[in-house]
Number of protein chains: 2
Amino acid sequence: MSATLVPVFAALADQTRWDILSRLGARELSASALAAELPVSRQAIAKHLAALAEVGLVEPERHGREIRYRALGARLSEVALQLDRIGAKWDTRLARIRAIAERL
Amino acid sequence: MSATLVPVFAALADQTRWDILSRLGARELSASALAAELPVSRQAIAKHLAALAEVGLVEPERHGREIRYRALGARLSEVALQLDRIGAKWDTRLARIRAIAERL
DNA sequence: AGAAACTGCAACCGTGTGGTTGCATTCCGC
DNA sequence: GCGGAATGCAACCACACGGTTGCAGTTTCT
């Protein structure tokens with residue numbers, strides 16, 4: 001059910017990737033451009049972008065000789081929806097148990 | 001802004017922890033009880049439960065000589081809401097840029 | 001055509017972490 | 001009170017992963 005979610009969370013469980021995502025959320029940038037703004041090497045950025053693209057959080061687009069990436073908010077919202085559903089399910093379960101307990 | 005979210009995603013980026021969470025979503029269980037259902041040792045489960053409790057996804061409750069845990073769906077939904085907000089912000093940014101581009 | 005700039009690939013390193021085993025400890029029940 | 005069943009703590013291990021450096025391959029602009 002949520003097995004496919006784990007890789008997405010793995011991708012989101014890193015501060016550097018959030019630094020990247022927040023910048024890509026504002027405007028499209030290449031790996032080199034990101035490396036100029038962040039305190040890590042371009043190759044590290046490239047790995048992060050590959051990881052983010054793997055789970056659909058980011059999308060590459062050739063633009064001349066550089067490749068710009070953009071953050072996909074729709075994908076993030078999609079994950080958020082699944083999370084919310086799971087959380088809601090847990091709570092309804094508990095609510096049911098509480099109701100039974102009160103009846104006794 | 002989202003700095004406080006990273007530890008939560010780190011907690012969610014593990015299949016075993018999802019196995020634990022899905023069981024705790026159905027009913028409260030102790031570490032030993034979970035260890036009986038999952039193919040890992042009790043101590044491993046205890047570590048996972050500590051990690052999950054650390055980010056508020058799970059809550060312990062003494063019940064006799066055992067400690068039962070329950071999954072907190074509200075916390076998960078809270079995270080989902082923050083995620084959705086961030087995703088929406090990215091998309092509005094892009095929409096604004098597209099609007100400007102079309103005007104030119 | 002050639003130089004500059006950007007991307008891609010590979011090897012390597014240190015650390016964080018999921019997992020284990022072993023033992024100490026606490027607490028219920030007979 | 002004592003034995004058993006639960007948790008807690010510590011040391012240890014293997015592997016994944018974030019990061020680096022170095023070099024090769026492409027594409028563009030003059």
Side-chain angles (χ1 to χ4, degrees), chain A residues 2-24 27-72 79, chain B residues 2-24 27-72 79:
Chain A
S2 60
T4 185
L5 278 181
V6 172
V8 182
F9 292 129
L12 293 176
D14 184 274
Q15 184 56 48
T16 300
R17 284 203 274 266
W18 276 102
D19 293 343
I20 292 175
L21 284 173
S22 69
R23 280 165 176 76
L24 294 185
R27 66 188 189 283
E28 303 182 3
L29 288 170
S30 68
S32 297
L34 284 165
E37 297 189 14
L38 293 173
V40 291
S41 70
R42 178 190 59 84
Q43 287 83 343
I45 302 265
K47 282 189 192 179
H48 285 307
L49 288 172
L52 291 170
E54 186 81 17
V55 296
L57 283 170
V58 122
E59 196 181 42
E61 184 178 359
R62 293 208 66 108
H63 213 272
R65 73 176 144 188
E66 68 183 11
I67 299 182
R68 295 186 201 159
Y69 290 80
R70 78 160 153 278
L72 299 179
V79 172
Chain B
S2 60
T4 186
L5 278 181
V6 173
V8 182
F9 292 131
L12 292 176
D14 184 274
Q15 185 56 48
T16 300
R17 284 203 273 267
W18 276 101
D19 294 342
I20 292 174
L21 284 174
S22 69
R23 281 166 176 76
L24 294 185
R27 65 188 189 285
E28 304 181 2
L29 288 170
S30 68
S32 298
L34 284 165
E37 296 189 16
L38 292 173
V40 291
S41 69
R42 193 206 91 235
Q43 287 83 343
I45 303 265
K47 283 189 190 178
H48 285 309
L49 288 172
L52 290 170
E54 186 79 17
V55 297
L57 283 169
V58 121
E59 194 181 43
E61 183 177 359
R62 293 209 67 106
H63 212 271
R65 73 176 144 187
E66 69 183 7
I67 300 181
R68 296 187 200 158
Y69 289 79
R70 76 161 154 278
L72 300 178
V79 171

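In the text below, chain A, chain B and the rest are named by the order of the sequence lines, each starting its count at 1.
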Round to a whole Å and report the spacing from [atom1] of [X] to [atom2] of [N].
X: B/Ile67; N: D/dC9; atom1: CD1; atom2: P; answer: 10 Å
X: B/Asp14; N: D/dA16; atom1: CG; atom2: C1'; answer: 12 Å
X: A/Arg62; N: D/dT26; atom1: CZ; atom2: C1'; answer: 8 Å
X: B/Leu29; N: D/dT7; atom1: CG; atom2: P; answer: 11 Å
X: A/Asp19; N: D/dG18; atom1: CG; atom2: P; answer: 14 Å
X: A/Leu49; N: D/dG19; atom1: CG; atom2: P; answer: 12 Å
X: B/Gln15; N: D/dA16; atom1: CD; atom2: P; answer: 16 Å
X: B/Gln43; N: D/dG8; atom1: CD; atom2: C1'; answer: 9 Å

**Report entry** DNA chain C: 5'-proximal contact among A/Arg65 and A/Lys47 (nearest heavy atom)
**Finding:**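 Nearest nucleotide further toward 5': that of A/Arg65.
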
Going by heavy atoms in the side chains, are [X] and [Y] under 4.5 Å from each other?
X: A/Leu34; Y: A/Leu49; answer: yes
X: A/Leu21; Y: A/Leu12; answer: yes
X: B/Asp19; Y: B/Val40; answer: no
X: A/Leu24; Y: A/Leu52; answer: no

Requested in this report: Using the heavy-atom set of chain B and a strict 4.0 Å cut-off, write down the first and last nucleotide of DNA chain C that makes it in, 5' to 3'.
Outcome: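 Endpoints of the contacted stretch of DNA chain C: C/dG18 to C/dC28.
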
Query raised in the report: DNA chain D: A/Gly64 or A/Ala44, which has the more 5' nearest nucleotide?
Result: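 Its nucleotide being nearer the 5' end, the pick is A/Ala44.
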
Query raised in the report: DNA chain D: B/Tyr69 or A/Ala13, which has the more 5' nearest nucleotide?
Result: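 Final value for this comparison: B/Tyr69.
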
Requested in this report: Identify whether any heavy atom of A/Ala31 sits under 4.0 Å from a base atom; if not, whether one sits that close to sugar-phosphate; answer base, sugar-phosphate or nothing.
Outcome: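 Sugar-phosphate contact only.
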
Query raised in the report: Which part of the nucleic acid, if any, lies within contact of B/Arg17, taking any heavy atom under 4.0 Å across all strands shown: a base, the sugar-phosphate backbone alone, or nothing?
Result: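 Since only primed, P, OP1 and OP2 atoms lie under 4.0 Å of B/Arg17, the category is sugar-phosphate.
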
**Report entry** Check: A/Ala35 main-chain N/O paired with A/Arg42 side-chain donor or acceptor under 3.5 Å
**Finding:**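 No, because the side chain of A/Arg42 does not come within donor-acceptor range (under 3.5 Å) of the backbone of A/Ala35.
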
**Report entry** Main-chain N/O of B/Ala13 paired to B/Arg17 side chain as donor or acceptor, under 3.5 Å
**Finding:**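 Not at all, since once roles are kept as given, no pair shorter than 3.5 Å links the two residues.
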
Query raised in the report: Just how large is the angle between the end axes of the helix from C/dA1-D/dT30 to C/dC30-D/dG1, five pairs per end, to 10 degrees?
Result: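 The helix from C/dA1-D/dT30 to C/dC30-D/dG1 shows an end-to-end axis angle of 30°.
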
Query raised in the report: Is there a donor and acceptor pair closer than 3.5 Å between the side chain of A/Arg42 and the base of D/dG19?
Result: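 Donor-acceptor pair under 3.5 Å: no.
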
Report task. Supply the atom-to-atom distance B/Ile20 CD1 to B/Leu38 CG, rounded to the nearest 0.5 angstrom. Result ->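 With rounding to 0.5 Å, CD1 (B/Ile20) is 6.0 Å from CG (B/Leu38).
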
Query raised in the report: Would B/Glu59 and B/Arg70 count as a salt bridge (Lys or Arg N to Asp or Glu O under 4.0 Å) if you check the C-alpha gap in whole Å, the side-chain angles of each, and the deciding distance to 0.1 Å?
Result: CA-CA 5 Å; B/Glu59 194 181 43; B/Arg70 76 161 154 278; 2.7 Å; yes

Requested in this report: Walk me through it: do B/Glu37 and B/Arg27 pass the test salt bridge (Lys or Arg N to Asp or Glu O under 4.0 Å)?
Outcome: CA-CA 13 Å; B/Glu37 296 189 16; B/Arg27 65 188 189 285; 2.9 Å; yes

